[in-house]
Amino acid sequence: MITEMQQGSGEIASDKDLESFIRKNNEITNDFVENYLELFLLSLEDDPTIAEEIKRKHFAHGASISYIDEARPDVITVEYPDGRTEFLPLQNQDK
(Lines give C-alpha, C1' and ligand atoms only; values in the text may rest on other atoms or scores of the structure.)
Protein backbone atom coordinates (compact mmCIF):
# COMPACT_ATOMS: atom_id res chain seq x y z
CA MET A 1 0.00 0.00 0.00
CA ILE A 2 1.29 3.47 -0.84
CA THR A 3 0.96 6.28 1.69
CA GLU A 4 0.07 9.84 0.83
CA MET A 5 3.26 11.23 2.40
CA GLN A 6 5.49 13.08 -0.04
CA GLN A 7 9.25 12.79 0.32
CA GLY A 8 11.59 15.69 -0.41
CA SER A 9 12.39 14.28 -3.85
CA GLY A 10 8.71 14.24 -4.77
CA GLU A 11 8.40 10.45 -4.57
CA ILE A 12 5.60 8.79 -2.62
CA ALA A 13 6.92 6.81 0.36
CA SER A 14 5.87 3.21 0.84
CA ASP A 15 4.70 1.83 4.18
CA LYS A 16 8.07 0.08 4.50
CA ASP A 17 9.92 3.39 3.96
CA LEU A 18 7.70 5.11 6.50
CA GLU A 19 8.25 2.36 9.09
CA SER A 20 12.00 2.58 8.52
CA PHE A 21 11.93 6.35 8.96
CA ILE A 22 9.90 6.09 12.17
CA ARG A 23 12.22 3.40 13.56
CA LYS A 24 15.31 5.56 12.86
CA ASN A 25 13.62 8.66 14.29
CA ASN A 26 12.78 6.73 17.47
CA GLU A 27 16.40 5.52 17.78
CA ILE A 28 17.68 9.10 17.49
CA THR A 29 15.12 10.36 20.01
CA ASN A 30 15.88 7.61 22.52
CA ASP A 31 19.61 8.25 22.17
CA PHE A 32 19.11 11.97 22.84
CA VAL A 33 16.90 11.34 25.88
CA GLU A 34 19.20 8.71 27.41
CA ASN A 35 22.54 10.43 26.71
CA TYR A 36 21.68 14.10 27.09
CA LEU A 37 18.26 15.06 28.43
CA GLU A 38 18.11 12.50 31.24
CA LEU A 39 21.62 13.41 32.44
CA PHE A 40 20.81 17.10 32.28
CA LEU A 41 17.60 16.70 34.28
CA LEU A 42 19.38 14.59 36.89
CA SER A 43 22.10 17.24 37.20
CA LEU A 44 19.45 19.78 38.20
CA GLU A 45 19.08 17.93 41.52
CA ASP A 46 22.51 19.27 42.48
CA ASP A 47 21.23 22.87 42.40
CA PRO A 48 18.63 23.55 45.13
CA THR A 49 17.78 26.93 43.61
CA ILE A 50 16.13 25.15 40.65
CA ALA A 51 13.53 23.48 42.88
CA GLU A 52 12.85 26.71 44.72
CA GLU A 53 12.42 28.62 41.44
CA ILE A 54 9.97 26.00 40.14
CA LYS A 55 8.01 26.18 43.40
CA ARG A 56 7.97 30.00 43.34
CA LYS A 57 6.67 30.12 39.76
CA HIS A 58 4.01 27.49 40.37
CA PHE A 59 2.80 29.18 43.54
CA ALA A 60 2.69 32.56 41.75
CA HIS A 61 0.09 31.04 39.42
CA GLY A 62 -1.82 29.36 42.24
CA ALA A 63 -0.62 25.90 41.23
CA SER A 64 0.53 23.19 43.61
CA ILE A 65 3.70 21.16 43.16
CA SER A 66 4.08 17.45 43.71
CA TYR A 67 7.13 15.24 44.02
CA ILE A 68 8.47 12.06 45.56
CA ASP A 69 10.90 12.85 48.36
CA GLU A 70 13.84 10.46 48.78
CA ALA A 71 13.15 10.48 52.53
CA ARG A 72 9.56 9.29 51.93
CA PRO A 73 9.53 7.23 48.72
CA ASP A 74 6.20 5.61 49.58
CA VAL A 75 4.19 8.84 49.24
CA ILE A 76 3.72 11.73 46.83
CA THR A 77 4.27 15.05 48.58
CA VAL A 78 1.97 17.84 47.41
CA GLU A 79 2.69 21.43 48.45
CA TYR A 80 0.06 24.12 47.98
CA PRO A 81 0.50 27.90 47.63
CA ASP A 82 -1.42 28.46 50.89
CA GLY A 83 1.26 26.54 52.84
CA ARG A 84 -0.57 23.24 53.19
CA THR A 85 1.35 20.01 52.56
CA GLU A 86 -0.37 16.76 51.74
CA PHE A 87 1.09 13.26 51.58
CA LEU A 88 -0.69 10.93 49.16
CA PRO A 89 0.01 7.20 49.14
CA LEU A 90 1.93 6.10 46.09
CA GLN A 91 -0.32 3.84 44.04
CA ASN A 92 1.04 0.50 42.94
CA GLN A 93 0.72 0.00 39.17
CA ASP A 94 -0.19 -3.67 39.73
CA LYS A 95 -3.61 -2.68 41.09
Side-chain angles (χ1 to χ4, degrees):
M1 184 169 126
I2 303 296
T3 66
E4 297 299 320
M5 186 184 93
Q6 296 287 327
Q7 293 181 341
S9 63
E11 298 175 15
I12 297 177
S14 68
D15 286 344
K16 185 177 178 182
D17 291 338
L18 184 58
E19 289 172 9
S20 176
F21 171 80
I22 291 171
R23 187 173 19 266
K24 186 63 176 175
N25 189 58
N26 287 344
E27 288 174 15
I28 293 168
T29 301
N30 289 338
D31 179 66
F32 174 79
V33 168
E34 291 173 6
N35 294 312
Y36 299 100
L37 183 60
E38 190 173 301
L39 296 174
F40 169 72
L41 293 174
L42 289 173
S43 76
L44 295 178
E45 293 179 344
D46 299 334
D47 185 353
T49 61
I50 299 291
E52 288 304 315
E53 182 68 10
I54 291 170
K55 183 188 290 190
R56 185 185 68 75
K57 287 186 176 186
H58 275 70
F59 287 178
H61 292 284
S64 63
I65 59 165
S66 58
Y67 56 91
I68 298 175
D69 190 342
E70 289 179 356
R72 298 187 71 179
D74 58 326
V75 297
I76 297 172
T77 303
V78 182
E79 294 184 38
Y80 297 93
D82 64 5
R84 291 181 298 128
T85 300
E86 189 174 23
F87 302 100
L88 305 174
L90 192 60
Q91 295 183 357
N92 188 341
Q93 290 184 350
D94 295 335
K95 290 182 180 180

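Both backbone and side-chain heavy atoms feed into the values below; hydrogens, waters and symmetry mates do not.
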Apply salt bridge (Lys or Arg N to Asp or Glu O under 4.0 Å) to Arg84 and list each qualifying residue two or more places apart in sequence or on a separate chain. Asp82

Check for me, please, whether Phe32 and Phe40 land in the same ILVMFWY cluster - side-chain distances under 4.5 Å, paths through other members count. yes

For the pair Glu27 and Arg23, find out whether any cationic side-chain nitrogen is under 4.0 Å from an anionic carboxylate oxygen. no

Value rounded to 0.5 Å, distance of CD1 in Ile54 from OG1 in Thr49: 9.5 Å

Phe87: which other cluster members, linking ILVMFWY side chains closer than 4.5 Å, directly or transitively? Val75

Go through the structure and list residues passing side-chain hydrogen bond (donor to acceptor under 3.5 Å, both in side chains) with Glu86, not counting sequence neighbours. Tyr80

Sequence neighbours left out, what passes side-chain hydrogen bond (donor to acceptor under 3.5 Å, both in side chains) with Asn26? Give chain and number order. none

Listing request: all salt bridge (charged side-chain N to carboxylate O under 4.0 Å, His left out) pairs with a residue in residues 33-44, at least two apart in sequence or in separate chains. none

Let me have the donor-acceptor pairs involving side chains of residues 63-73, under 3.5 Å, with sequence neighbours excluded, atom names and distances please.
residue, atom, partner, partner atom, Å
Tyr67, OH, Glu79, OE2, 2.4
Asp69, OD1, Ala71, N, 3.1

Going through the checks in order, is the side chain to side chain contact (heavy atoms under 4.5 Å, CB included) test met by Ile76 and Leu90? CA-CA 6 Å; Ile76 297 172; Leu90 192 60; 3.7 Å; yes

Please enumerate all residues that pass side-chain hydrogen bond (donor to acceptor under 3.5 Å, both in side chains) together with Asn25, with sequence neighbours excluded. none

Listed by chain and number, what are the side-chain contact (heavy atoms from CB on, under 4.5 Å) partners of Leu41, not counting sequence neighbours? Leu37, Leu44

Under the side-chain hydrogen bond (donor to acceptor under 3.5 Å, both in side chains) test, which residues partner Asp31, sequence neighbours left out? Asn35

Under-4.0 Å salt bridge between Glu53 and Arg56: yes

